[in-house]
Every structure is written in C-alpha cells, then in structure tokens.
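When reading the values below, keep in mind they use all heavy atoms of this one structure, side chains included, and skip hydrogens, waters and symmetry mates.
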Amino acid sequence: MNKIEFTEELHGRLSEFNQQQRAKIINNYATIIDDQIGDGRSEERSVSTLGHLDDLAKIAVLDLTPVWQLVLPRKKDLSLHRTKIMLLSPLILLFLFILLTIHSVIWCGILFAFTVNNILIIGGIVSMALAFFLFDASIIQGIIVFFCGLVSATLSIFFFSPTKKLSRIILRLKKECTRSIKSYFI
C-alpha cells in the first residue's frame with residue numbers, strides 16, 4: 001500500500017472525527033511516512049511499519065478523546081452514574097493525585113538532566129575563558145583550569161544526545177500509559 005492509498009483508507013476509518021481532526025491525524029502519519037522515506041526506506045515499507053489501520057484508528061480515538069468523555073456514559077439518565085462517582089470520588093482523587101505525582105517526578109527528572117547538561121556547558125565555557133586570565137599568574141594553573149573546562153564542555157556534548165533521547169523515550173512512555181488508561185474506559 002502506498003502513501004495515498006494509506007491516507008485515503010485511514011480517512012475512511014476516522015469517520016467519527018471532524019474534518020480538522022482527521023486532517024491533523026492524517027498529516028501526522030504522512031509526516032512519519034515522509035521522514036522514513038527521507039531515511040531511505042521505500043514508501044510501501046514505511047506504510048507497513050505503521051501497523052494495521054484499525055489499530056491506528058483506535059490509537060487516534062484514545063489520543064483525541066478527553067478522559068471525561070470516556071468516563072461519562074452516553075445515556076441521558078446519569079443519576080446512577082453520579083452516585084457511583086460520588087462514592088468512588090475519594091479513590092478517584094487519590095488515583096489522580098498519584099498520577100500527577102508520577103508525572104511531576106518524570107518531568108523533574110527530565111528538567112534535572114537538561115539542567116546538568118547546561119551547567120556543564122556554561123561551566124566549561126567559563127573555565128576555559130578564566131584559564132586565559134590565569135595564564136598570567138601561573139601557567140600550570142591556567143592549563144589545569146583550561147583542561148577542566150574543556151572536559152566539562154566535552155562531557156556536555158556527549159550527554160546532550162542521550163538526554164534528548166531519554167526525554168523522548170519518557171514522553172513516548174507517558175503517552176502509551178495515557179493510552180492504556182484511556183483504553184480501560186472504551
């Protein structure tokens with residue numbers, strides 16, 4: 001299946017979305033296909049790596065449907081459902097608090113990793129600049145400070161790519177967790 005056939009088929013399976021949402025989903029997958037083609041894969045191979053269209057449509061429903069719409073029933077009589085929510089509200093609040101705490105810890109970890117990387121960059125640049133002033137007082141001190149700054153800047157270069165990859169992995173994991181939580185309600 002090529003890219004045009006894929007987008008037309010996906011468009012047909014996303015009938016429950018409005019035109020703007022469909023266009024957003026289809027453009028997202030078209031961009032993924034184009035990126036893979038840019039990496040040297042064939043168009044058919046790029047389409048086949050995305051998975052089955054039914055799975056992609058289900059993922060789109062999970063991504064674009066707010067949780068409150070998944071939890072509330074679609075019936076007009078909500079009195080029994082309201083009673084259940086009132087009885088379970090302390091547990092729901094506890095569960096949401098735990099999820100918010102986990103979410104905050106994950107983001108603190110990502111921010112910490114980028115902060116450490118920025119400190120290494122700034123420390124390295126400042127140390128190398130300071131070394132030139134120390135050359136007047138003592139050449140050995142100047143060389144040591146310059147070498148420490150060079151090591152710090154080099155470490156920041158080596159740590160940036162893994163930090164960026166780690167943040168992408170964590171974001172994907174968070175997205176998958178959100179999808180799995182939403183899937184319990186559908």
Side-chain angles (χ1 to χ4, degrees), residues 1-114 160-161 163-186:
M1 179 183 304
N2 63 22
K3 180 180 167 185
I4 295 172
E5 294 170 346
F6 173 79
T7 55
E8 289 173 354
E9 191 75 29
L10 186 60
H11 187 274
R13 294 184 193 226
L14 298 173
S15 60
E16 60 192 74
F17 296 109
N18 63 35
Q19 194 63 27
Q20 183 182 8
Q21 290 173 325
R22 279 189 207 169
K24 181 180 176 183
I25 295 167
I26 291 171
N27 286 338
N28 183 27
Y29 286 117
T31 302
I32 293 171
I33 293 169
D34 291 338
D35 289 345
Q36 290 182 359
I37 291 172
D39 290 341
R41 288 190 180 163
S42 68
E43 189 172 326
E44 289 78 17
R45 175 84 173 123
S46 299
V47 170
S48 67
T49 59
L50 292 176
H52 196 268
L53 284 169
D54 291 333
D55 295 336
L56 296 177
K58 185 175 181 180
I59 288 172
V61 169
L62 291 175
D63 282 346
L64 294 178
T65 306
V67 174
W68 64 269
Q69 286 182 350
L70 297 172
V71 174
L72 291 176
R74 296 181 183 156
K75 300 175 188 174
K76 297 199 179 210
D77 182 24
L78 298 175
S79 60
L80 180 62
H81 190 68
R82 285 187 187 136
T83 307
K84 288 180 187 177
I85 288 178
M86 286 173 39
L87 291 174
L88 294 175
S89 62
L91 293 175
I92 293 171
L93 288 175
L94 178 66
F95 179 70
L96 291 176
F97 179 73
I98 290 170
L99 283 179
L100 181 63
T101 304
I102 292 170
H103 178 78
S104 299
V105 167
I106 289 171
W107 276 107
C108 285
I110 291 172
L111 288 175
F112 176 76
F114 278 110
F160 182 74
S161 180
T163 303
K164 188 176 173 184
K165 286 180 183 178
L166 179 66
S167 65
R168 284 184 179 170
I169 289 169
I170 290 173
L171 289 174
R172 268 193 232 122
L173 178 65
K174 182 183 153 285
K175 196 171 190 178
E176 288 298 321
C177 289
T178 304
R179 284 181 187 152
S180 65
I181 290 170
K182 283 183 174 182
S183 69
Y184 287 118
F185 296 108
I186 291 184

S.K.: Could you tell me if the side chain of V47 sits less than 4.5 Å from the side chain of E9, heavy atoms only?
M.R.: no
S.K.: Find the distance between CG (L50) and OH (Y29) and round it off to the nearest 0.5 Å.
M.R.: 7.0 Å
S.K.: First locate atom NZ of K175, then atom CD1 of I170, and finally report the distance between them rounded to the nearest 0.5 Å.
M.R.: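 Atom-to-atom, K175:NZ and I170:CD1 are 15.5 Å apart.
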S.K.: Only counting residues at least two apart or in another chain, list the ones meeting side-chain hydrogen bond (donor to acceptor under 3.5 Å, both in side chains) with N28.
M.R.: none
S.K.: Sorted by first residue and then second, give each side-chain hydrogen bond (donor to acceptor under 3.5 Å, both in side chains) pair with at least one member in residues 93-107; sequence neighbours left out.
M.R.: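 Those involving residues 93-107 are H103-W107.
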S.K.: With sequence neighbours excluded, tell me which residues meet side-chain contact (heavy atoms from CB on, under 4.5 Å) with S48.
M.R.: R45
S.K.: How long is the gap from CD1 on I26 to CG on L56, to the nearest 0.5 Å?
M.R.: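 I26 atom CD1 to L56 atom CG measures 11.5 Å (nearest 0.5 Å).
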S.K.: Tell me which pairs pass salt bridge (charged side-chain N to carboxylate O under 4.0 Å, His left out) where either residue lies in residues 89-107, with sequence neighbours left out.
M.R.: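 Sorted result for residues 89-107: empty, none.
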S.K.: Tell me whether E43 contacts the main-chain N or O of N2 through its side chain, where contact means a donor paired with an acceptor under 3.5 Å.
M.R.: no
S.K.: Can you tell me how far the OG1 atom of T7 sits from the CZ atom of R22, to the nearest 0.5 Å?
M.R.: 13.0 Å
S.K.: Under the side-chain hydrogen bond (donor to acceptor under 3.5 Å, both in side chains) test, which residues partner E176, sequence neighbours left out?
M.R.: R179
S.K.: Taking only residues two or more places apart in sequence or in another chain, which ones pass side-chain contact (heavy atoms from CB on, under 4.5 Å) with Q20?
M.R.: N18
S.K.: Taking salt bridge (Lys or Arg N to Asp or Glu O under 4.0 Å) as the definition, give me every residue that meets it alongside D54, ordered by chain and number, with sequence neighbours left out.
M.R.: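 For D54, the residues satisfying salt bridge (Lys or Arg N to Asp or Glu O under 4.0 Å) (neighbours in sequence not counted) are R13.
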S.K.: Evaluate the side chain to side chain contact (heavy atoms under 4.5 Å, CB included) criterion for residues K3 and D34: first the C-alpha distance (whole Å), next the side-chain angles of each, then the deciding distance (0.1 Å), finally the verdict.
M.R.: CA-CA 9 Å; K3 180 180 167 185; D34 291 338; 2.7 Å; yes
S.K.: Using the side-chain contact (heavy atoms from CB on, under 4.5 Å) criterion, which residues pair with Q36? Sequence neighbours excluded.
M.R.: I32, R41, S46, T49
S.K.: Quick one: list whatever passes salt bridge (Lys or Arg N to Asp or Glu O under 4.0 Å) with D35, sequence neighbours left out.
M.R.: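 D35 satisfies salt bridge (Lys or Arg N to Asp or Glu O under 4.0 Å) with no residue once adjacent residues are dropped.
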S.K.: Distance from L53 atom CG to M1 atom CE, nearest 0.5 Å?
M.R.: 5.0 Å
S.K.: Got T163 and F114 here, is their nearest side-chain heavy-atom distance under 4.5 Å?
M.R.: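 When only atoms from C-beta onward are counted, F114 and T163 do touch, with a gap below 4.5 Å.
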S.K.: Could you work out, with salt bridge (Lys or Arg N to Asp or Glu O under 4.0 Å) as the rule, every residue matching E8, not counting sequence neighbours?
M.R.: none
S.K.: Mind checking what makes salt bridge (Lys or Arg N to Asp or Glu O under 4.0 Å) contact with K164, not counting sequence neighbours?
M.R.: none
S.K.: Please round to the nearest 0.5 Å and tell me the distance separating atom CD1 of I106 and atom OG of S167.
M.R.: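 The OG atom of S167 is 12.0 Å from CD1 of I106, to the nearest 0.5 Å.
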